[in-house]
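Taking it in order: structure first as structure tokens, then the write-up.
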Amino acid sequence: VFSSSPQVLLVILARSRAHLLPTYLAFIEHLDYPKSDISVYIQTDHNQDNTPLLLSQWRDSARAEYRDITLNTSSLLSYTQSLGPSSWEEDRYIHLMKIRQNALEHARASAHIRYIFFVDTDNFITPNTLRTL
């Protein structure tokens, strides 16, 4: 089946965001881009709530609509969070870079992906976001 839309990898980074996920995922579902042209790569770790469970449930219910959904719940690196969740120590930046690098490698391993779009769970994107980019 030919599609005129380029294949996109949507990278979702989520940590302890269970309170935002229902709204956030609804925004993702309302993108006006063919879901068959979207692969989703989700990275979640170091959670203090049921974020992994909610993401797993969403993946299972949405899997048939998207080209692919990968949920990675493994921790790539342990980091010190001594000053709280808003603290950004050097090792936390390193951790984030490794997560993004993993997503880039995932995209490179998939010959069909033309673009990659990173979006955190506290960024609500409008339906035309992917088409506009």
Side-chain angles (χ1 to χ4, degrees):
V1 176
F2 176 75
S3 174
S4 60
S5 301
Q7 300 289 315
V8 174
L9 178 64
L10 182 65
V11 178
I12 299 172
L13 307 177
R15 175 174 294 129
S16 298
R17 295 290 191 218
H19 62 287
L20 295 175
L21 284 176
T23 301
Y24 173 82
L25 293 170
F27 275 84
I28 298 298
E29 291 171 357
H30 287 97
L31 288 170
D32 69 350
Y33 202 84
K35 288 180 177 52
S36 60
D37 293 330
I38 300 173
S39 294
V40 182
Y41 180 86
I42 305 167
Q43 173 68 48
T44 186
D45 60 9
H46 300 281
N47 290 285
Q48 297 175 350
D49 62 12
N50 64 345
T51 291
L53 174 64
L54 293 175
L55 290 169
S56 178
Q57 290 171 342
W58 179 81
R59 177 202 56 203
D60 294 345
S61 68
R63 178 174 280 163
E65 296 180 52
Y66 293 86
R67 181 174 182 109
D68 180 52
I69 300 178
T70 301
L71 174 60
N72 187 348
T73 59
S74 64
S75 178
L76 303 174
L77 177 71
S78 181
Y79 63 86
T80 307
Q81 196 169 317
S82 59
L83 301 176
S86 298
S87 169
W88 282 85
E89 306 290 328
E90 182 178 353
D91 53 351
R92 192 164 179 187
Y93 283 108
I94 291 169
H95 180 73
L96 183 58
M97 287 186 289
K98 288 187 181 205
I99 288 173
R100 291 180 186 261
Q101 184 62 38
N102 257 15
L104 286 169
E105 290 171 8
H106 181 81
R108 286 186 190 119
S110 303
H112 65 277
I113 293 174
R114 299 264 316 272
Y115 297 101
I116 185 167
F117 183 64
F118 289 87
V119 60
D120 292 342
T121 50
D122 56 356
N123 301 133
F124 299 107
I125 56 178
T126 60
N128 67 336
T129 299
L130 291 179
R131 289 205 181 276
T132 302
L133 293 175

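For the numbers below, each heavy atom of this structure counts, side chains included, while hydrogens, waters and symmetry mates do not. This chain uses plain numbering: 1 for the first residue, then up along the sequence.
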A side-chain contact here means heavy atoms from C-beta on lying under 4.5 Å apart; do [X] and [Y] qualify?
X: R59; Y: Y66; result: no
X: T51; Y: T121; result: no
X: W58; Y: L71; result: no
X: Y41; Y: N102; result: yes
X: D37; Y: V8; result: no
X: P127; Y: L31; result: no
X: S39; Y: H112; result: yes
X: Y115; Y: L133; result: no

If you measure from [atom1] on [X] to [atom2] on [Y], what distance do you get to the nearest 0.5 Å?
X: D49; Y: L20; atom1: CG; atom2: CG; answer: 9.5 Å
X: S36; Y: Q7; atom1: OG; atom2: CD; answer: 7.0 Å
X: R108; Y: Q101; atom1: CZ; atom2: CD; answer: 5.5 Å
X: S61; Y: I69; atom1: OG; atom2: CD1; answer: 7.5 Å
X: I42; Y: S56; atom1: CD1; atom2: OG; answer: 9.0 Å

### Query
How about D68 and T70: does a side-chain donor come under 3.5 Å of a side-chain acceptor?
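Per modelled atom types, D68 and T70 side chains form a pair under 3.5 Å.
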### Query
Can a donor-acceptor pair be found between the side chains of T129 and T126 at a distance below 3.5 Å?
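Yes, a side-chain donor-acceptor pair sits under 3.5 Å.
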Please report the closest heavy-atom contact between [X] and [Y], naming both atoms and the distance.
X: K35; Y: E65; value: CB-O, 3.1 Å
X: F27; Y: I125; value: CD2-O, 3.0 Å
X: A103; Y: L9; value: O-CD2, 3.7 Å
X: N47; Y: S16; value: OD1-N, 2.5 Å
X: A107; Y: I116; value: CB-CD1, 4.2 Å

Is it true that [X] and [Y] fall in one hydrophobic cluster, defined by side-chain heavy atoms closer than 4.5 Å?
X: F124; Y: V11; answer: no
X: I12; Y: L104; answer: no
X: L10; Y: F118; answer: no
X: L13; Y: I28; answer: no
X: L53; Y: L21; answer: no

### Task
Just do the side-chain contact (heavy atoms from CB on, under 4.5 Å) check on I38 and L130 with the steps written out, would you?
CA-CA 10 Å; I38 300 173; L130 291 179; 3.9 Å; yes
### Query
Distance under 6.0 Å and angle within 45° of the ring axis: does R17 meet both against Y24?
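No; the conditions do not both hold, so R17 does not lie above the ring face of Y24.
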### Message
Counting only heavy atoms from other residues, nucleotides and ligands, does the tally under 6.0 Å from CZ of R114 exceed 12?
### Response
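Atom CZ in R114 is not packed in, count stays at 12 or less.
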### Query
Is D45 paired with R15 through a side-chain N to carboxylate O contact shorter than 4.0 Å?
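Answer for the salt bridge query: yes.
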### Query
Is a donor on one side and an acceptor on the other found under 3.5 Å between the side chain of T44 and the backbone of P52?
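Such a contact is absent between T44 side chain and P52 backbone.
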